[in-house]
Amino acid sequence: MFDLDGPRLAELAARVGLSAAVPESPEAPPTAARPARVALKQRAGAALCVLNHVSGPARVAAFVQACRSEGATLPFLASVAVYTDERSARVLQAFPGLHLDAAVVKRVLAAPDPVEAGIAAAVAEARALLAVPGVVGVNLSGLASDRGVLAGARTKAEVARRIREGQA
């Protein structure tokens with residue numbers, strides 16, 4: 001019914017003293033309207049914008065810049081795809097509005113050690129995203145592994161450790 005959209009929800013949260021984080025999908029139609037919508041959400045009370053996956057860090061940089069041009073000053077949290085096998089990659093690729101770099105997916109899945117390749121790809125993506133002005137953090141998302149929840153959590157923990165420690 002769309003009785004309560006993102007800007008109205010952010011406004012309600014701010015009105016009662018809550019800090020609101022709002023989502024945005026930079027590559028979902030209508031793409032041209034999304035930067036202004038981020039600015040609208042901020043004016044409504046949003047304190048942070050969580051971005052859905054995009055095709056690459058350059059796209060995040062362009063989107064953040066477009067949001068700045070619309071008057072948005074809030075910080076952004078960018079999503080990092082974590083996948084190490086066919087299933088964990090395909091689950092992410094199936095979400096509407098979510099985009100992954102097809103060449104990176106192909107390279108990870110074809111690697112002799114897809115787990116190591118997937119971790120390395122996620123770390124590289126995270127570092128590139130964290131270098132974008134306005135991006136203050138990353139969200140490690142996805143199944144990460146078809147070997148179960150614990151294996152996926154361990155994979156994400158390894159990605160996080162390498163990001164923190166500056167390792168590849």
Side-chain angles (χ1 to χ4, degrees), residues 18-28 31 34-35 38-39 41-42 46-95 97-168:
L18 297 174
S19 181
V22 294
E24 196 53 74
S25 294
E27 293 184 333
T31 55
R34 297 219 175 257
V38 170
K41 290 175 181 180
Q42 180 179 333
L48 174 74
C49 184
V50 181
L51 300 177
N52 205 350
H53 299 272
V54 298
S55 53
R59 181 67 184 104
V60 169
F63 183 76
V64 170
Q65 182 55 47
C67 292
R68 296 296 188 240
S69 295
E70 292 289 339
T73 59
L74 49 59
F76 291 85
L77 191 71
S79 292
V80 172
V82 184
Y83 52 90
T84 58
D85 50 58
E86 184 85 22
R87 180 173 175 237
S88 60
R90 300 301 171 235
V91 165
L92 284 169
Q93 290 175 315
F95 280 97
L98 188 151
H99 298 274
L100 302 180
D101 183 327
V104 175
V105 173
K106 186 176 180 179
R107 187 173 65 241
V108 166
L109 297 181
D113 183 351
V115 172
E116 179 56 36
I119 291 169
V123 170
E125 182 180 13
R127 288 196 183 127
L129 289 167
L130 288 167
V132 172
V135 172
V136 298
V138 293
N139 166 34
L140 303 179
S141 69
L143 270 176
S145 173
D146 68 356
R147 294 174 290 127
V149 175
L150 188 55
R154 286 183 177 134
T155 299
K156 288 179 184 178
E158 179 60 17
V159 170
R161 184 188 70 73
R162 290 185 191 186
I163 293 167
R164 276 193 317 271
E165 294 178 3
Q167 295 178 340

* Quick one: do R90 and V105 satisfy side chain to side chain contact (heavy atoms under 4.5 Å, CB included)? Show the steps, please. => CA-CA 9 Å; R90 300 301 171 235; V105 173; 3.7 Å; yes
* To do: Please report the C-alpha distance between V38 and R34 in whole Å, then the side-chain angles of each, then the deciding distance to 0.1 Å, and finally whether the side chain to side chain contact (heavy atoms under 4.5 Å, CB included) criterion is met.
  => CA-CA 6 Å; V38 170; R34 297 219 175 257; 5.7 Å; no
* L77/V138 under side chain to side chain contact (heavy atoms under 4.5 Å, CB included): CA gap, chis, key distance, verdict -> CA-CA 5 Å; L77 191 71; V138 293; 5.5 Å; no
* Asked: Is there a side chain to side chain contact (heavy atoms under 4.5 Å, CB included) between L48 and L74 once you walk through the steps?
  -> CA-CA 6 Å; L48 174 74; L74 49 59; 6.0 Å; no
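In this model, no donor atom of one side chain and acceptor atom of the other lie less than 3.5 Å apart for Q65 and R68.
What you find for L92 and A81 is that their closest heavy atoms are CD1-CB, 3.7 Å. Residue V108 comes nearest to A121 through the heavy atom pair CG2-CB, 3.8 Å, listed as atom of the first residue, atom of the second, then distance. Minimum interatomic distance between T84 and S88 (heavy atoms only, all atoms of both residues): N-OG, 3.0 Å. Across all their heavy atoms, A144 and D85 have their closest contact at O-OD2, 4.4 Å. For the pair V115 and R147, the tightest heavy-atom approach, listed with the atom from each and the gap, is CG2-NH2, 3.9 Å. Scanning all heavy atoms of the two residues, the minimum distance from A61 to V132 falls at CA-CG1, 3.7 Å.
Side-chain contact between H53 and S141: present, with at least one pair of heavy atoms (C-beta onward) separated by less than 4.5 Å. Residues L129 and V80 meet the side-chain proximity criterion, which asks for heavy atoms closer than 4.5 Å. Contact annotation: the side chain of R162 approaches that of I119 to within less than 4.5 Å [non-hydrogen atoms, C-beta and beyond]. When side chains are defined from C-beta on, I163 counts as touching L140, because their heavy atoms get closer than 4.5 Å. Within the 4.5 Å cutoff, no side-chain heavy atoms of S55 are placed close to those of D101. With contacts defined as side-chain heavy-atom distances shorter than 4.5 Å, the pair L51/V60 qualifies. Side-chain contact between E86 and L109 is present, with heavy atoms from C-beta onward closer than 4.5 Å. Between S145 and Y83, the closest side-chain pair of non-hydrogen atoms is not below 4.5 Å.
We find the NZ-CG distance between K156 and N139 to be 7.5 Å, quoted to the nearest 0.5 Å. Distance check: F63 CZ to S25 OG gives 8.5 Å after rounding to the nearest 0.5 Å.
Within the 3.5 Å criterion, the main-chain N or O of P23 finds a donor-acceptor partner in the side chain of K41. For the pair Q42 (side chain) and T73 (backbone), a donor-acceptor distance under 3.5 Å is present. A donor-acceptor pair under 3.5 Å is absent between the side-chain atoms of T31 and the main chain of A28, judged by distance alone.
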